[in-house]
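Have a look at the structure below, then the notes.
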Amino acid sequence: MLAGAGTGKTRALTARIAHLIALGRARPGEILAVTFTNKAAREMKARIARLLGETVEGMPWLGTFHSVSVKILRRHAELVGSGAVHLKPSFTILDTDDQLRLLKQIIAAGNIDEKRWPARMLAGMIDGWKNRALTPSRVPAEESFAFDGRGAALYAAYQERLLALNAVDFGDLLLHCVTLFQAHPDILARWQDRFRYILVDEYQDTNAAQYLWLRLLAQAHRNICCVGDDDQSIYGWRGAEVGNILRFEQDFPGARVIRLEQNYRSTPHILAAASGLIAA
């Protein structure tokens, strides 16, 4: 569904979920519905409850990309890692401060001048690679110019240290799921079979890792419904690829495109100004 702000995108998505449950097409636990913020996820649950006239129980897979990925990863954590070091289901999730402290230690251990190559810069590089679902071995050589040509090596050291600490950062939540699905087709098939219907809010804001995550999970039933605005993307700084929504019909042959063109939120003057900016 392609639609601008104020045209009822989220309402259409929640109405579809309520419809699937009301008709018995799928049980709540068989529906995967993802969005970008916890607030949006709570609002979706509340809207579904209002549409059904009751509180919806058993919808564990309605949430943000990261919250859903945490649940999947905790079930298969032991498959992440190599040799004698593997993730455990009790892994912790590092916040930004903890991540920077760890990166500073790795930079110091590599005898690299942190004044020239600060930890925050390395954190940004690693986050960008993870948003593109790139493991250390897949980082293009030309992108390792920073940190005296050792960017990818520092990334690898960081990942090894995270495993040793039984920890992940936010980028790992999706990256580990994607690599897990790619390396273990049996595990992927299990999750594909579970999610009979997949629904995605604000699809234009998905990055490469989220895109791969969704494509892998949707291959079995191919019941995926995405809503978004091809003229809007607010997460470009986080690697959002508006091309994901533009090539949806190529990725999912036979997809039906529905345009929601009636705006219920803004006045004609505001809409005219916004259209003018987009056209420019």
Side-chain angles (χ1 to χ4, degrees), residues 29-30 32 34 60-61 63-94 99 102 106 123 125-141 143-144 151-198 200 203 206-224 226 238-241 244 247 250-252:
E30 296 173 326
L32 170 63
V34 288
W61 308 110
T64 65
F65 281 93
H66 291 94
S67 66
V68 172
S69 292
V70 168
K71 294 177 182 178
I72 293 174
L73 194 54
R74 290 204 187 278
R75 299 190 183 195
H76 307 289
E78 69 283 355
L79 296 176
V80 177
S82 60
V85 183
H86 293 267
L87 207 60
K88 299 179 182 65
S90 59
F91 64 81
T92 57
I93 303 171
L94 268 60
Q99 181 187 21
L102 182 55
I106 291 168
M125 290 173 60
I126 291 174
D127 189 53
W129 288 328
K130 290 184 178 182
N131 286 338
R132 290 157 57 197
L134 296 175
T135 57
S137 62
R138 294 180 179 177
V139 173
E143 294 187 25
S144 289
L154 292 172
Y155 176 16
Y158 171 63
Q159 293 301 95
E160 291 174 4
R161 185 67 178 137
L162 284 173
L163 274 177
L165 294 170
N166 192 36
V168 299
D169 62 22
F170 282 102
D172 282 328
L173 298 175
L174 280 147
L175 177 64
H176 285 330
C177 280
V178 169
T179 54
L180 180 71
F181 291 155
Q182 292 171 332
H184 300 277
D186 56 326
I187 300 295
L188 172 61
R190 216 182 300 172
W191 289 102
Q192 287 176 334
D193 185 61
R194 173 186 288 270
F195 299 133
R196 296 183 59 192
Y197 291 90
I198 297 176
V200 190
Y203 189 64
T206 54
N207 58 34
Q210 291 161 337
Y211 164 79
L212 288 172
W213 188 88
L214 287 166
R215 278 206 70 185
L216 286 165
L217 289 172
Q219 290 306 307
H221 296 291
R222 300 185 71 80
N223 288 325
I224 182 168
C226 299
R238 201 176 60 191
E241 295 279 355
N244 292 346
R247 64 169 181 269
Q250 299 174 31
D251 293 335
F252 299 96

- prompt: Please walk me through it: do F65 and V200 pass side-chain contact (heavy atoms from CB on, under 4.5 Å)?
  reply: CA-CA 10 Å; F65 281 93; V200 190; 4.0 Å; yes
- request: Kindly indicate whether the side chain of V168, heavy atoms from C-beta on, has any atom under 4.5 Å from the side chain of T92.
  value: no
query: Nearest 0.5 Å, what's the CG-NE2 distance between L73 and H66?
result: 11.5 Å
- request: Enter the distance from R132:CZ to D127:CG here, rounded to the nearest 0.5 Å.
  value: 11.5 Å
message: To the closest 0.5 Å, what do you measure between CD1 (I72) and NE2 (H176)?
response: 14.0 Å
- line: Closest heavy-atom pair, S90 versus N166, reported as atoms and distance to 0.1 Å, is OG-ND2, 3.3 Å
A152 to W129 - nearest heavy-atom pair and separation: N-CH2, 4.1 Å
task: Decide side-chain contact (heavy atoms from CB on, under 4.5 Å) for F181 and L212; before the verdict, give the C-alpha distance in whole Å, the side-chain angles of both, and the deciding distance to 0.1 Å.
output: CA-CA 10 Å; F181 291 155; L212 288 172; over 6 Å; no
query: What's the spacing between L173 CG and R74 CZ if we round to 0.5 Å?
result: 8.5 Å
- request: Starting from the C-alpha separation in whole Å, work towards a yes-or-no answer on side-chain contact (heavy atoms from CB on, under 4.5 Å) for H76 and R190.
  value: CA-CA 12 Å; H76 307 289; R190 216 182 300 172; 4.0 Å; yes
statement: The reported gap from CG in L174 to CG in L180 (rounded to nearest 0.5 angstrom) is 12.5 Å
message: Quick check against the 3.5 Å criterion: does N244 have a side-chain atom that pairs as donor or acceptor with the backbone of T206?
response: yes
task: Give a yes or no on whether F252 atom CZ has more than 12 heavy-atom contacts from other residues, nucleotides or ligands under 6.0 Å away.
output: yes
task: Quick one: closest heavy-atom pair of P140 and L134, and the distance?
output: CD-CD1, 4.0 Å
field: Any donor-acceptor N/O pair, E78 side chain to P89 backbone, under 3.5 Å
entry: no
- prompt: Got W213 and V68 here, is their nearest side-chain heavy-atom distance under 4.5 Å?
  reply: yes
query: When you look at W191 and W61, which way does the ring pair (Phe, Tyr, Trp, His ring centres under 6.0 Å) test go after all the steps?
result: CA-CA 11 Å; W191 289 102; W61 308 110; 5.2 Å; yes
message: Taking salt bridge (Lys or Arg N to Asp or Glu O under 4.0 Å) as the definition, give me every residue that meets it alongside R138, ordered by chain and number, with sequence neighbours left out.
response: none
- request: For residues V139 and S144, report the shortest heavy-atom separation together with the two atoms involved.
  value: CG1-OG, 3.8 Å
message: Using 0.5 Å steps for rounding, measure from the CG atom of N131 to the CZ atom of F170.
response: 13.0 Å
query: Closest approach of C177 and S69, non-hydrogen atoms and distance?
result: SG-O, 3.7 Å
Nearest atoms (heavy-atom pairs only) where L94 meets A167: CD1-CB, 3.2 Å
field: Pairwise side-chain contact, L162 with L102, heavy-atom cut-off 4.5 Å (strictly under)
entry: yes
- request: Give every residue pair that meets the side chain to side chain donor-acceptor pair (under 3.5 Å) criterion with at least one member in residues 151-161, sequence neighbours excluded.
  value: Q99-Y158, K130-Q159, Y158-D169, Q159-D172
message: Using the rule given for side-chain contact (heavy atoms from CB on, under 4.5 Å), can you reason through L214 versus Y203, listing the C-alpha separation, both sets of side-chain angles and the distance that settles it, and then say yes or no?
response: CA-CA 10 Å; L214 287 166; Y203 189 64; 3.8 Å; yes
